[in-house]
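A short write-up of the structure that comes next.
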Amino acid sequence: MTKSVNNHDDALLGLLGEGGFYSGQELGKRLGVSRSAVWKRMQLLSAKGVAFEAVAGKGYRLTQPLELLKQDEIIAAMSPSAQSYLQQMEIHEEIDSTNRYLMQKARSNAKTGFACLAEQQTQGRGRRGRVWVSPFASNIYLSLLWRFNQSPSELGGLSIAAGVAVGRCLDELGVVGFGLKWPNDVIWQGRKLAGILLEMSGEASGPCAIVAGIGLNVTMQPQAAQAIDQAWADLGMALGTQVSRNRVAGLLLQHLLLAFAVYDQHGLTPFIQDWQRWDGVYNTQVKLILPHETITGVARGIDAGGGLRLEHGGSTTIYHAGEISLRTLK
Ligand code: BTN
């Protein structure tokens, strides 16, 4: 793997992250900066949502444990075969969007197997032009660039494969009761736990580059969550305990790399069984919102190409993703 910069080596957060109180003077001494420089940096971190307390006579302390992303720990959480597909990794302290960044890299000949993670996104992109709320050091924001040999028309099932990859990661983490909602929302107890955004660059006749972006809520900041316009969940709720963000990032990247390598060779078939296992809307009443109409019917799983089988008006029609939104009807 190409050794790449981990450009958020934050010595101050590194020290505070160890726990305990540090006076401004001690922090300044350890970091080789003035007390006022420490104070300014603390204000910046506070604005990012990092909660700390300042106690007279004791100093500063984080009020919540904080684990920053580290390349070595992410890689250590991955299987050797997944590691072999990873060509490059970058971790950014702050970026507009990891997907936008890799789409730009895709246009400048970056290699397949290039992963980009961020502690925070200022313009996180969701599907259908929505915003993906991406507060600092709380969740996973991961994008992967992959160059497929197939043409875009053969990649119709890729969003299903990406959903299954997230499902496999959650399964390995021990999450119980999650579901996949076509084409690739990840739901826990009716609330959104993760989202996937696939973006494509290439010619209609192929080959093409895909940037797969995954946002997985790990420990959502309550303040930031106020901006989310739908019911949400995080891994803390789903597991009932805190989990290492580096381990989650490693497992997520592992399953995504392996899924894309398998899809490249064998297409969607190896993913159908796991999709069926986790299909969260199978045999339920749903509403499909198409660009110019809305159809209600009963979801009957997916076909061999990853299209949704919707039964309505006495027959079953296959719908393909794109600008379609699916809502469950209760
Ligand atoms: C959705 O709307 O369900 C898709 C959300 C995808 C969010 C992820 S976070 C990492 C990557 N970078 C982005 O800007 N978006 C994706």
Side-chain angles (χ1 to χ4, degrees), residues 85 99 102-103 106-107 112-113 125-130 142-169 179-187 194-215 255-282 286-295 297-312 315-327:
Y85 291 113
N99 258 42
L102 283 191
M103 283 296 281
R107 286 188 285 270
T112 191
R125 299 179 186 176
R127 289 183 67 226
R128 295 176 295 113
R130 292 168 86 147
L142 162 70
S143 296
L144 176 66
L145 164 64
W146 194 271
R147 296 190 183 279
F148 284 88
N149 295 313
Q150 292 105 315
S151 63
S153 62
E154 292 167 291
L155 297 178
L158 200 61
S159 54
I160 299 292
V164 166
V166 178
R168 289 172 179 166
C169 166
L180 302 176
K181 194 178 89 168
W182 186 90
N184 56 21
D185 272 352
V186 184
I187 305 295
I196 302 168
L197 176 67
L198 296 185
E199 296 188 87
M200 185 181 291
S201 130
E203 305 298 317
S205 53
C208 70
I210 292 283
V211 173
I214 302 179
H255 286 290
L256 199 58
L257 283 161
L258 294 177
F260 282 4
V262 167
Y263 192 100
D264 223 357
Q265 293 279 310
H266 307 286
L268 185 60
T269 311
F271 299 93
I272 299 275
Q273 204 176 343
D274 274 350
W275 179 273
Q276 287 167 345
R277 180 173 163 209
W278 294 317
D279 187 343
V281 293
Y282 187 69
V286 296
K287 184 164 82 170
L288 265 198
I289 304 168
L290 308 176
H292 302 293
E293 60 176 328
T294 296
I295 302 169
V298 178
R300 299 288 190 208
I302 56 171
D303 76 345
L308 177 77
R309 293 163 46 83
L310 187 76
E311 190 181 301
H312 61 121
S315 64
T316 300
T317 311
I318 311 293
Y319 289 91
H320 294 280
E323 290 303 288
I324 302 182
S325 173
L326 181 144
R327 309 271 158 81

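Counting from 1, the numbers follow the sequence of the chain as shown.
Contact of the Y319 side chain with the I295 side chain is registered, since non-hydrogen atoms from C-beta on lie closer than 4.5 Å. Between V298 and R300 there is a side-chain heavy-atom pair separated by less than 4.5 Å. Counting heavy atoms from C-beta on, the side chains of T294 and L288 never come closer than 4.5 Å. Considering only heavy atoms from C-beta on, W146 comes within 4.5 Å of D264 through its side chain. Inter-residue side-chain proximity for I210 and E199 is flagged as unmet; no heavy-atom pair is nearer than 4.5 Å. Taking 4.5 Å as the limit, some side-chain heavy atom of I160 sits within range of a side-chain heavy atom of W182. K287 has its side chain out of reach of L326: every pair of non-hydrogen atoms, C-beta onward, lies at least 4.5 Å apart. In this structure the side chain of I302 never reaches within 4.5 angstrom of the side chain of R309, judged on heavy atoms.
Between atom CZ of residue R107 and atom CG of residue L102 there is a gap of 11.0 Å, rounded to the nearest 0.5 Å. In this structure, NZ in K181 is found 12.0 Å from CG in D279, a value given to the nearest 0.5 Å. Distance OH/Y263 to OG1/T269: 9.0 Å, rounded to 0.5 Å. The structure places OG of S143 at 8.5 Å from CD1 of I214, a figure rounded to the nearest 0.5 Å. Atoms CG and CD1, on D274 and I272 in that order, are 10.5 Å from each other to the nearest 0.5 Å. Summarising the geometry, atom CD belonging to E154 is positioned 9.0 Å from atom SG belonging to C208; distances are rounded to the nearest 0.5 Å.
In terms of heavy atoms, R147 sits closest to T112 at N-OG1, 2.9 Å. Scanning both residues, A162 and L198, for their nearest heavy atoms gives CB-CD2, 4.5 Å. Among all heavy-atom pairs drawn from V281 and A299, the shortest one is O-CB, 3.4 Å. Shown here for A304 and L268, the closest heavy-atom pair between the two residues is O-CD2, 3.4 Å. Scanning both residues, L310 and G297, for their nearest heavy atoms gives CD1-C, 3.9 Å. In terms of heavy atoms, R168 sits closest to P270 at NH2-O, 3.4 Å.
Between F260 and F148, the distance separating the two ring centers is shorter than 6.0 angstrom.
For the side chain to side chain contact (heavy atoms under 4.5 Å, CB included) with V166, the lone residue among L180, I196, N184 that qualifies is I196.
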Worked check of side chain to side chain contact (heavy atoms under 4.5 Å, CB included) between R327 and V286: CA-CA 6 Å; R327 309 271 158 81; V286 296; over 6 Å; no

